[in-house]
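Whatever order the structure lists them in is the order used to number ligands and atoms, beginning at 1. All values reported here derive from a predicted model rather than from experimental measurement.
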Amino acid sequence: MKNILTSPFVEEMKKTTANMYRLGWDERNGGNISYMLDENEVAQYLDTGKVIRHIPIGFDATALIGKIFIVTGTGKYFKNVESDPENNLGIIRIADDGTTAELLWGYADGGRFTSELPAHLMSHIARLSVDPENRVVIHTHPTNTLAMNYVHELDDKKFTHTLWGMCTECIVVFPDGIGVLPWMLCGTNEIGEATANKMKEYRLVVWGMHGIYGSGKTMDETFGLIETVEKAAQIYMLTAHLPRINTIKDSEMKQLAEFFKVDYRKDFLNL
Ligand code: 13P
Ligand code: ZN
């Protein structure tokens, strides 16, 4: 059996959480990541027949029975994942009852998965229904995206359109746009359901005055989506209070989308 601490998936979780912490997006225990793993790959590092603990998940995840995820722990700091993965991360498998998680590794100090597991697993289900290759869901609190929530309307089309206009490549990176939820109580099945509902249409969902969710096939793709939104939000926050002289026109955004052959939300442009 290979040493799990050297596995590519633990390495990716360590690198990503450290990176996000240093970007200032994940203060204290802010943020969480779930990453669906390949069972055969996990079996090279773990005896997948050995369950350490059973943890109730509090909702029906029948669509994910047998699926294995590596997930950040609740109350754990992204700052600490790199130096202590076994306490700050866990590997879980959704049990045959669909409502229990089988702990295969991690949460070594008796901890458990993120309080946002409903939003994560429901988002996985929603994304897999439209993209069978989806593997990653990231939640984080990026500073400028969050700041923008206080000064910009929380509306899918208006929020997306503003961000598309902030960096030339935005419409190419997230042509499907961004879903935006109002402020809601976090950690609940309700916010999980609302997030998943948006995830059927969007790979990015803003939680009003809280943070953002991103999803994708790989860690790089998912991180890159959020990073691009945050960069655009930064440009917005640096310029929103200044007289606007130049603007990327809707006709130019259309040109970009067509040139780079992306399937974009045509109804989000005002043409
Ligand atoms: P957890 O510590 O439970 O992952 O919660 C962090 C967070 O960002 C809540 O939205
Ligand atoms: Zn949060």
Legend entry - E258/K254 ion pair, N-O < 4.0 Å: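 Salt bridge between E258 and K254, a charged N being under 4.0 Å from a carboxylate O: yes.
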Legend entry - Within the 4.0 Å heavy-atom sphere of ligand 1, strictly under, residues: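 Under the 4.0 Å cut-off, ligand 1 touches N29, G30, G31, N32, T74, G75, T114, S115, E116, H139, H141, H210.
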Legend entry - Protein N, O or S atoms lying under 2.8 Å from the Zn ion (ligand 2), listed by chain and number: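 Checking every protein N, O and S atom gives H139 NE2, H141 NE2, H210 NE2.
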Legend entry - Lys/Arg cation over aromatic F78: K76, 6.0 Å, 45° cone: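 Geometry flag: not set, cation outside 6.0 Å or 45°.
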Inset, instruction - Kindly say whether the aromatic ring centers of F113 and F69 come within a distance under 6.0 Å. - result: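 Judged by ring-centre distance (under 6.0 Å), F113 and F69 do not meet the cut-off.
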Inset, instruction - Just say parallel, tilted or perpendicular for the rings of F174 and W164, cut-offs at 30° and 60°. - result: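 Rings of F174 and W164: tilted, as their planes differ by 30° to 60°.
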Inset, instruction - Can you label the angle between the W207 ring and the Y213 ring as parallel, tilted or perpendicular, going by 30° and 60°? - result: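 Tilted.
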Inset, instruction - Test L163 against M148 for side chain to side chain contact (heavy atoms under 4.5 Å, CB included), laying out the working first. - result: CA-CA 10 Å; L163 291 180; M148 187 174 161; 3.7 Å; yes
Sequence neighbours left out, cut at 3.5 Å: what donor-acceptor pairs do the side chains of residues 119-128 make with other protein atoms?
unit_1	atom_1	unit_2	atom_2	d
H120	ND1	S34	OG	2.8
H120	NE2	N32	OD1	2.7
S123	OG	A119	O	2.6
H124	NE2	S34	OG	2.8
R127	NH1	M199	O	2.7
R127	NH1	Y202	O	3.4

Show every donor-acceptor pair shorter than 3.5 Å between a side-chain atom in residues 232-243 and any protein atom, with sequence neighbours excluded, or say none if there are none.
unit_1	atom_1	unit_2	atom_2	d
T239	OG1	I235	O	2.7
T239	OG1	Y236	O	3.4

Legend entry - Exam field: side chain D250 to backbone L269, donor-acceptor pair closer than 3.5 Å: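 No; zero donor-acceptor contacts below 3.5 Å.
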